[in-house]
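What follows is one structure encoded as structure tokens, with my remarks underneath.
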2 protein chains.
Amino acid sequence: MTTQARRQREYEQRETLLLDSARRIIRREGVSALTMDKLAAATEYAKGTIYKHFSCKEDILCGLCLDSLRHLHATFQQLSQFAGNTRSRMICLGIGYQLYTQRFPEEFDLLVAARSNNIREKASPQRLQQIDAADELVLNRIRELIVQAQEAGELTLPPRATVDDLCLGLWSVSFGLLALEHARDMIPGLDLTPPQPLLLQQISCLLDGYRWHPLSTETDYSAIYTAVYQHLQQLMSRE
Amino acid sequence: MTTQARRQREYEQRETLLLDSARRIIRREGVSALTMDKLAAATEYAKGTIYKHFSCKEDILCGLCLDSLRHLHATFQQLSQFAGNTRSRMICLGIGYQLYTQRFPEEFDLLVAARSNNIREKASPQRLQQIDAADELVLNRIRELIVQAQEAGELTLPPRATVDDLCLGLWSVSFGLLALEHARDMIPGLDLTPPQPLLLQQISCLLDGYRWHPLSTETDYSAIYTAVYQHLQQLMSRE
DNA sequence: GTCAGAAAGTGACGATTCGTCATATTGTCA
DNA sequence: TGACAATATGACGAATCGTCACTTTCTGAC
């Protein structure tokens, strides 16, 4: 049915428009400035129409997270074409994640917020489920790479560790570090390496600990880091 | 001045009472159920009185975080008396952190939430500053241990890494992993080691990567883990 | 082209929660 | 004991929420 399809398309376009408007408001005035009335005015739709899409304000925030996760996933997809040994390619994902949070700080902030009940309690179950699904897609990219490393003989997991354990470990240290990165400004007198190499250093040590070859003691990765970094920065700014 | 002092004490006691009430409401009915009117009714104080203590609802949430961080710090203090080599003692802190989040899940949830602008935008600057200060106290316990490890010759940091880098790395992986732990329930089909050893495994690999001796390949830590775990569990349940 | 019925869009409204502040109460000390 | 300060109160106006009865637009059969 052609009418049906067109309507569906229009609905999705409007959802995008609504999310874009919401994003703009948040970027300009902060999350607390986002109100349903304001969003309605900005998009020139009535409040009732917005409620056709989102069950509440928190649902919109989750909608933004979802969008953002899909973005991240797309980036990871592109990165998977990067050539090199599996370990460099994993580093590549780490750098991608970091650049992503730098380019979309508001979205990442929401991603952190969306981990807490404060938001989850109110958002619609469907939206939360979609977020989880998107999360999993991203995780799959990491998982894949670990499996490839095993197959390539570059990684042999310790006895009781599973692929998912390492996967979650990598995710944790990256998510944690980026989420805590604010601390850099907030906590005075913290003597840290600049942000860019800091995450790589942590990932690198973790990978050394898991004995993902070639170890950082065996190869000098710094040239590779720089190359990947520049490559990615171009890639992401182009969009 | 004696009157002054007594008033100050009463003020603090009431603040504790207010926070305890708020905590109870959140625990029973969720964060969104916490309203100023409800808290007023529960504590038998008027709303105006509550606003003498907290600038808004988010400020209360941050108050709870602060409380919780102080708790964590106290736990870390106690743990620093634990005997053993520096690496086991670091593991000890990790276990302490984990048990802490298990015992106070609501508080930890708030701690995650308080990292995002959603809350930070509204809370009072003083409270946020207090949180940062408390955060730093906790970090100092980790930092100390790293320095001790260096002094004991059990740890030699890689060329460009600072004490704070490692400190933040450990904090990140722990915070990240615990914050993402929900994922365990949410994301289906994740093949993970059970929660208790999972964090220890990550920390352990990270420490191996940093070459904090004795490495996990040199010593079997599992007996120590179990001992520390039981010791701590007793310690924390006693309170 | 027209029209009836379906689908989509609207915004006024009641309800909830917020934060304030003029007033009331309590406590202090000369 | 009383004057004054400190503290507590809760009624109130403002802001925001989410709903739903109504209006407008669209659709496809005739």
Side-chain angles (χ1 to χ4, degrees), chain A residues 1-19 21-22 25-26 28-63 117-127, chain B residues 1-19 21-22 25-26 29-64 117-127:
Chain A
M1 181 59 167
T2 205
T3 301
Q4 183 87 355
R6 200 205 64 223
R7 287 217 163 124
Q8 179 63 21
R9 206 172 346 115
E10 283 172 354
Y11 181 88
E12 277 158 18
Q13 280 170 359
R14 191 171 51 190
E15 185 140 325
T16 304
L17 174 72
L18 288 171
L19 286 176
S21 260
I25 293 174
I26 291 176
R28 280 213 279 253
E29 310 171 55
V31 220
S32 43
L34 180 69
T35 69
M36 297 313 241
D37 285 299
K38 196 180 269 187
L39 183 59
T43 55
E44 297 181 316
Y45 281 106
K47 208 152 44 134
T49 306
I50 295 179
Y51 278 95
K52 286 265 172 17
H53 290 263
F54 304 101
S55 69
C56 61
K57 184 173 147 171
E58 284 72 20
D59 208 36
I60 298 181
L61 298 183
C62 287
N117 279 324
N118 220 328
I119 298 224
R120 298 188 76 86
E121 268 177 17
K122 295 183 193 165
S124 71
Q126 298 97 302
R127 189 90 43 185
Chain B
M1 179 60 166
T2 205
T3 300
Q4 183 87 357
R6 200 205 62 223
R7 286 211 163 130
Q8 180 62 21
R9 206 172 345 116
E10 282 172 356
Y11 182 87
E12 277 159 17
Q13 280 170 0
R14 191 171 52 189
E15 185 139 325
T16 304
L17 174 73
L18 289 172
L19 286 176
S21 259
I25 293 174
I26 291 176
E29 310 170 56
V31 219
S32 42
L34 180 68
T35 68
M36 297 313 240
D37 285 298
K38 196 181 268 187
L39 183 58
T43 53
E44 296 182 316
Y45 281 106
K47 209 154 39 134
T49 306
I50 296 179
Y51 277 96
K52 285 273 184 340
H53 290 262
F54 304 101
S55 70
C56 61
K57 185 173 145 170
E58 284 71 20
D59 208 36
I60 298 182
L61 298 183
C62 287
L64 287 171
N117 278 325
N118 219 330
I119 298 222
R120 298 187 74 86
E121 268 177 19
K122 296 183 192 165
S124 71
Q126 298 96 303
R127 188 90 43 186

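Chain A is the first sequence line, chain B the second, and so forth, proteins listed ahead of strands; every chain is numbered from 1.
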**Request:** List for me each residue that meets salt bridge (charged side-chain N to carboxylate O under 4.0 Å, His left out) alongside A:E12, sequence neighbours excluded, and say none if there are none.
**Result:** none

**Prompt:** Just how far is it from atom NZ of B:K57 to atom CD1 of B:I50, taken to the nearest 0.5 Å?
**Reply:** 12.5 Å

**Message:** Starting the side chain at C-beta, find the nucleotide from C:dC18, D:dT9, C:dA7 nearest to B:K57.
**Reply:** C:dC18

**Item:** Carboxylate-amine/guanidinium contact B:E15 B:R127, below 4.0 Å
**Value:** yes

**Request:** Measure the CD-CZ distance between B:E58 and B:R120 for me, rounded to the nearest 0.5 Å.
**Result:** 13.0 Å

**Spacing of B:E44 atom CD relative to D:dT7 atom P, expressed in whole Å** = 21 Å

**Asked** Once you round it to whole Å, what is the distance between P of C:dT17 and CD1 of B:I50?
**Response** 14 Å

**Request:** Going by the side chain to side chain donor-acceptor pair (under 3.5 Å) test, name the single residue among A:R6, A:R14, A:Q13 that passes it with A:E10.
**Result:** A:R6

**Request:** Could you list the residues that satisfy side chain to side chain donor-acceptor pair (under 3.5 Å) with B:R7, not counting sequence neighbours?
**Result:** none

**Message:** From OH of A:Y51 over to C1' of C:dA12, roughly how many Å is that when rounded to an integer?
**Reply:** 15 Å

**Prompt:** Between C:dA7 atom C1' and A:K52 atom NZ, what is the distance in whole Å?
**Reply:** 9 Å

**Request:** May I ask you to verify if any side-chain N or O of A:R14 is less than 4.0 angstrom from the OP1 or OP2 atom of C:dG9?
**Result:** yes

**Item:** Whole-Å distance separating the CD atom of B:Q8 from the C1' atom of D:dA6
**Value:** 14 Å

Output side-chain donor-acceptor pairs under 3.5 Å for residues 31-47 of chain B, partner residues at least two apart or in another chain, one line each.
residue, atom, partner, partner atom, Å
B:S32, OG, A:E121, OE1, 2.5
B:T35, OG1, B:K38, N, 3.1
B:K38, NZ, B:E29, OE1, 2.9
B:K38, NZ, B:A33, O, 3.4
B:T43, OG1, B:L39, O, 2.8
B:T43, OG1, B:A40, O, 3.3

**Message:** Just the rounded figure in Å: distance from P of D:dC17 to CG of A:D59.
**Reply:** 13 Å

**Request:** Dump the intermediate steps for side chain to side chain contact (heavy atoms under 4.5 Å, CB included) on B:L61 and A:N118, then the final yes or no.
**Result:** CA-CA 10 Å; B:L61 298 183; A:N118 220 328; 3.8 Å; yes

**Complete:** A:R7 atom CZ is separated from D:dT25 atom P, nearest whole Å, by 14 Å

**Item:** Positions of residues 35-43 of chain B (non-hydrogen atom under 4.0 Å from DNA chain C), listed by number
**Value:** B:T35, B:M36

Tabulated below should be each protein N or O lying under 3.5 Å from an N or O of nucleotides 11-14 of chain D; please produce it.
none

**Prompt:** Residues two or more places apart in sequence or in another chain: which of them pass ring-ring contact (aromatic ring centres under 6.0 Å, His included) with B:Y51?
**Reply:** none

**Rounded interatomic separation in angstrom, taking CZ from A:F54 and P from C:dG9** = 14 Å

**Prompt:** Do any side-chain nitrogens or oxygens of A:R6 fall under 4.0 Å of OP1 or OP2 in D:dT27?
**Reply:** yes

